[in-house]
There are 2 protein chains.
Amino acid sequence: MARVTTPRSTVSAGQPTLDEVARVAGVSRATASRAINGGQRVSARAQSAVDTAVRTLGYVPNPAARSLVTRRTDSIAVVVPEPDDRVFSDPFFAGTLRGVTRVLGERDIQLVLLLARPGASTARTLRYLTNRHVDGALVVSHHRDDRLAEHLADIGLPCVFGGRPWTGGDRVAYVDVDNVAGEREATEALIARGCTRIGTIAGPADMTASEDRIAGWRQAMSTAGLAADAVEHGDFTEASGEAAARALMERHPDIDGLVVASDLMAAGALKVLAELGRRVPDDIAVVGFDDLGVAERTSPALTTVRQPVDEMAERATRLLLERVDEPGSSRPMRVIIPPTLVRRASA
Amino acid sequence: MARVTTPRSTVSAGQPTLDEVARVAGVSRATASRAINGGQRVSARAQSAVDTAVRTLGYVPNPAARSLVTRRTDSIAVVVPEPDDRVFSDPFFAGTLRGVTRVLGERDIQLVLLLARPGASTARTLRYLTNRHVDGALVVSHHRDDRLAEHLADIGLPCVFGGRPWTGGDRVAYVDVDNVAGEREATEALIARGCTRIGTIAGPADMTASEDRIAGWRQAMSTAGLAADAVEHGDFTEASGEAAARALMERHPDIDGLVVASDLMAAGALKVLAELGRRVPDDIAVVGFDDLGVAERTSPALTTVRQPVDEMAERATRLLLERVDEPGSSRPMRVIIPPTLVRRASA
DNA sequence: CCCAAATGTGGGAGCGCTTCCACAATTGCC
DNA sequence: GGCAATTGTGGAAGCGCTCCCACATTTGGG
């Protein structure tokens with residue numbers, strides 16, 4: 001028996017579809033589509049008819065239908081494998097997001113922020129990316145264990161890392177500041193002003209930035225023939241900086257210089273030093289890392305290694321968009337930005 | 001002439017499709033689909049055949065195709081019409097996001113963060129929402145001019161506001177703290193400890209929370225027969241709190257109590273008071289608003305009005321999900337949470 | 001003035017999925 | 001043991017869109 005189906009397109013129930021626009025404009029669906037998307041090969045007549053129809057009908061294209069055929073979602077993900085607290089307290093992320101949105105604003109691409117607190121939700125994040133909900137991913141602040149670089153390389157999603165990934169660095173693109181050079185320079189500045197016992201408060205051991213910054217400190221120390229034994233790790237938060245400084249000063253009371261892997265931690269350290277009655281920079285000189293605002297507001301103001309986070313995020317985003325636009329040229333690529341030492345009062 | 005089309009599904013080029021899964025599992029596409037989505041009306045045999053096929057093929061459903069027919073995207077937007085700087089510096093947003101992600105984690109729904117710096121990008125945000133890229137929207141911290149509540153009500157997107165919207169409050173649901181009662185209580189606390197000249201640092205004039213908090217302060221003042229004339233506006237940032245405090249102390253040097261509409265601004269005010277040599281709480285008692293961490297860390301620690309931001313965000317999110325699940329019951333609804341005064345050292 | 005190139009248009013075939021429906025194969029109940 | 005209810009299955013119809021291709025219709029050289 002022939003089944004009778006009521007065509008729903010006859011009466012516009014919900015959102016108007018392209019079909020209706022075409023009908024109202026008196027053109028074919030193909031022409032309407034062309035007119036709506038850039039208007040190549042469309043006569044002025046047809047174009048304006050479609051424009052009018054779109055306006056009167058209040059037509060908005062259905063993104064699902066569109067992306068089903070174009071295979072593009074016009075959105076990219078920013079993946080941040082950090083607990084939300086850190087994301088929303090470290091100016092590093094604000095700067096990054098600012099850079100990203102600036103570039104995205106130029107084109108019509110949406111940003112999807114994927115906050116994946118380490119562990120549990122990484123799988124979900126990965127699934128989301130594997131499903132190709134987005135055209136590409138920008139991974140910021142990743143940790144050793146998430147193995148994000150390999151996973152993303154495996155699923156073939158265009159991606160760019162902010163900061164060198166642990167492994168798979170040869171399979172994905174990344175933008176990084178020259179952490180080694182930066183921290184070396186910072187350490188050298190302390191050495192130049194006469195410090196001989198220089199400790200460091202490093203970042204979390206499972207991030208490459210930490211590793212590289214320690215390496216920079218080590219290099220400078222060994223070149224100067226100084227012992228590089230006073231190391232304490234924090235997690236880039238102010239509180240961890242306080243704790244690390246306390247531990248460091250207890251174990252090495254003779255320290256006269258402190259190289260800290262982030263301004264936030266340095267701010268925490270300054271507090272502790274003030275508590276302990278150590279004058280900065282006279283008793284202990286301190287250098288931070290980042291220069292994203294907090295360095296100017298500590299007392300004393302922090303001498304620090306500036307990394308141009310906004311700019312780096314911009315570069316990374318542009319790089320990502322290139323790869324999204326041209327999936328062929330997926331040769332891995334790295335951009336290394338030189339940091340600059342900004343001298344203030346603390347060293 | 002008959003055109004010959006090469007069926008692409010013959011050879012699996014890119015991602016495997018449901019068709020291939022079905023073929024490999026030896027079932028129809030319909031059965032495969034059922035097996036993948038919950039497995040209602042699927043025999044154990046078929047189920048496991050499909051499961052295996054999915055695994056060996058590495059199948060992931062195409063979300064665009066799925067949402068084209070289900071008309072669901074399984075993602076919701078959190079709309080924050082604020083400059084990124086504020087979003088990433090005010091713990092209010094961190095708390096909100098934490099509450100939202102907690103609820104979303106229970107189900108398989110993704111969060112899309114829409115940062116719409118006021119003005120320019122509101123149109124874009126609105127377009128994104130109109131396109132139904134998401135199933136619903138949670139609007140946080142909205143301002144008078146964006147008219148988001150009306151627009152969202154117009155396009156019929158399920159939405160919930162965090163904080164009472166300016167207009168259209170009768171058309172959308174919202175979750176809010178009882179700002180009036182909170183600030184009234186704060187002011188009464190100052191009055192109770194003997195303050196007679198109580199000024200206030202309010203939030204931005206284009207937000208309902210500011211308006212309501214001022215109203216609370218006014219109520220308490222007028223009940224006590226005190227003049228409510230010392231008002232200064234900030235924008236909830238620490239810097240603006242400093243400026244406001246400076247202005248207030250200049251215009252009303254005799255102030256002995258300060259009701260501040262956010263802890264961040266109160267922290268700024270405390271700095272200024274310290275600079276001016278005013279002792280807190282002896283010369284001037286200060287009460288903040290929020291209690292999201294910073295209040296404990298100021299010196300002296302801040303007496304403040306606690307709003308349970310996490311919990312509010314949770315409520316709002318659940319409310320939103322209900323409306324997404326059941327678009328019928330779109331009756332507006334409001335949830336008002338009572339705040340509590342937390343007494344510390346500053347008042 | 002003729003033929004080739006450029007331009008505009010519509011038909012129609014999908015994109016990959018869910019879901020309605022018809023139909024078979026079980027099962028259960030009196 | 002017969003019939004209704006339940007359960008499992010596949011065919012097929014779309015969801016709303018883009019884009020290939022065929023087919024006019026203009027345009028422009030030589």
Side-chain angles (χ1 to χ4, degrees), chain A residues 1-10 12-23 25-50 53-54 57 59-74 131-133, chain B residues 1-10 12-23 25-50 53-54 57 59-74 131-133:
Chain A
M1 200 213 318
R3 191 148 56 78
V4 180
T5 314
T6 313
R8 299 166 204 188
S9 49
T10 305
S12 116
Q15 300 276 20
T17 71
L18 187 59
D19 250 324
E20 294 169 57
V21 171
R23 203 174 313 142
V27 298
S28 74
R29 194 171 62 240
T31 302
S33 176
R34 259 178 256 121
I36 286 165
N37 303 304
Q40 294 293 28
R41 294 233 189 302
V42 175
S43 65
R45 252 179 77 92
Q47 180 72 57
S48 78
V50 171
V54 165
L57 255 44
Y59 169 77
V60 284
N62 178 322
R66 176 177 290 190
S67 88
L68 179 56
V69 35
T70 60
R71 283 142 188 298
R72 299 261 268 136
T73 63
D74 294 317
N131 275 355
R132 309 221 155 224
H133 264 105
Chain B
M1 206 217 308
R3 191 146 57 77
V4 180
T5 314
T6 313
R8 296 164 206 190
S9 47
T10 304
S12 117
Q15 300 277 19
T17 70
L18 186 60
D19 250 323
E20 294 169 56
V21 171
R23 203 174 313 142
V27 297
S28 73
R29 193 168 63 239
T31 302
S33 175
R34 260 179 253 120
I36 286 164
N37 303 304
Q40 294 293 29
R41 293 231 189 304
V42 176
S43 65
R45 253 179 76 92
Q47 180 73 55
S48 76
V50 171
V54 164
L57 256 45
Y59 170 77
V60 284
N62 178 322
R66 176 178 289 191
S67 91
L68 178 58
V69 34
T70 59
R71 283 146 187 298
R72 298 260 267 136
T73 63
D74 294 317
N131 275 356
R132 309 220 155 226
H133 264 106

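What you see below is based on every heavy atom in this structure, not just the backbone, and it leaves out hydrogens, waters and symmetry mates. Lettering follows sequence order; numbering is per chain, from 1.
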S.K.: Testing the basics here: between A:Y59 and A:L18, what is the closest heavy-atom pair and its distance to 0.1 Å?
M.R.: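 Heavy atoms of A:Y59 and A:L18 come nearest at CE1-N, 3.5 Å.
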S.K.: Take atom CZ of B:R132 and atom C1' of D:dC17, then tell me their distance rounded to the nearest Å.
M.R.: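 Interatomic distance, CZ of B:R132 to C1' of D:dC17: 18 Å.
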S.K.: If I take atom CG in residue B:N131 and atom P in nucleotide D:dC17, what distance separates them, rounded to the nearest angstrom?
M.R.: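 From B:N131 CG to D:dC17 P: 10 Å.
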S.K.: For DNA chain D, whose closest nucleotide is more 5', that of A:A65 or that of B:A30?
M.R.: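 Nearest nucleotide further toward 5': that of B:A30.
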S.K.: Is there a side-chain contact between B:V42 and B:V50 in this structure, where contact means two heavy atoms from C-beta onward sitting under 4.5 Å apart?
M.R.: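 B:V42 does not reach B:V50 side chain to side chain.
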S.K.: Looking only at non-hydrogen atoms, find the nearest pair between A:V27 and A:A46 and report the distance.
M.R.: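 Smallest heavy-atom distance, with atoms named: CG1-CB, 4.2 Å.
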S.K.: Looking only at the side chain of A:R29 (C-beta and beyond, no hydrogens), which of the listed nucleotides C:dG12, D:dA12, D:dG16 gets closest?
M.R.: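 Of the options given, the side chain of A:R29 lies nearest C:dG12.
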S.K.: Could you tell me the separation between the CZ atom of A:R66 and the CD1 atom of A:I36, rounded to the nearest 0.5 Å?
M.R.: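 Spacing of CZ (A:R66) from CD1 (A:I36) equals 7.5 Å.
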S.K.: Could you check how far CG of B:L18 sits from C1' of C:dC15, rounded to whole Å?
M.R.: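 Spelled out: CG on B:L18 to C1' on C:dC15 is 13 Å.
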S.K.: Output yes when at least one side-chain N/O atom of B:N37 is less than 4.0 Å from OP1 or OP2 of C:dT18, else no.
M.R.: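 Looking at the OP1 and OP2 atoms of C:dT18, one of them is under 4.0 Å from a side-chain N or O of B:N37.
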S.K.: Rounded to the nearest Å, what distance is computed from the CD atom of residue B:E20 to the P atom of nucleotide C:dC15?
M.R.: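 Going from CD in B:E20 over to P in C:dC15 covers 11 Å.
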S.K.: From the set D:dC17, C:dT18, C:dT19, return the single nucleotide nearest to any side-chain atom of A:P61.
M.R.: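 Of all the options, the side chain of A:P61 is nearest to D:dC17.
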S.K.: Each nucleotide N or O in nucleotides 6-9 of chain D that has a protein N or O under 3.5 Å away: list the pair and distance.
M.R.:
from, atom 1, to, atom 2, distance (Å)
D:dT9, OP1, B:S43, OG, 2.7
D:dT9, OP2, B:S43, N, 2.8
D:dT9, OP2, B:S43, OG, 3.0

S.K.: Rounded off to whole Å, could you give me the CZ-to-P distance for the A:R23 and D:dG16 pair?
M.R.: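 Value for this atom pair: 12 Å.
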S.K.: Using only side-chain N and O atoms of B:R71, determine if any of them is under 4.0 Å from OP1 or OP2 of C:dT18.
M.R.: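 So the side chain of B:R71 is outside the cut-off, no N or O lying under 4.0 Å from OP1 or OP2 of C:dT18.
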S.K.: Taking all heavy atoms of A:R132 and all of B:Q15, pick out the closest pair and write down the distance.
M.R.: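 Closest heavy-atom pair between A:R132 and B:Q15: NE-NE2, 3.5 Å.
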S.K.: Is any side-chain N or O of B:S33 closer than 4.0 Å to OP1 or OP2 of C:dC17?
M.R.: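 Answer no for this pair, as no side-chain N or O of B:S33 is under 4.0 Å from OP1 or OP2.
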S.K.: Looking at residues at least two apart in the chain, or sitting in another chain, which of them share a side chain to side chain contact (heavy atoms under 4.5 Å, CB included) with B:N131?
M.R.: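 If we apply the side chain to side chain contact (heavy atoms under 4.5 Å, CB included) test to B:N131, skipping adjacent residues, the hits are A:V60, A:P61, A:P63, B:R127, B:H133.
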S.K.: Between B:D19 (CG) and C:dG14 (P), how many Å, whole number?
M.R.: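 Spelled out: CG on B:D19 to P on C:dG14 is 13 Å.
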S.K.: Closest heavy-atom contact between A:R41 and A:R34?
M.R.: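 So the minimum-distance heavy-atom pair works out to O-NH1, 3.9 Å.
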S.K.: Would you kindly give the CD1-to-P distance between B:I36 and C:dT19, to the nearest whole Å?
M.R.: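 Value for this atom pair: 13 Å.
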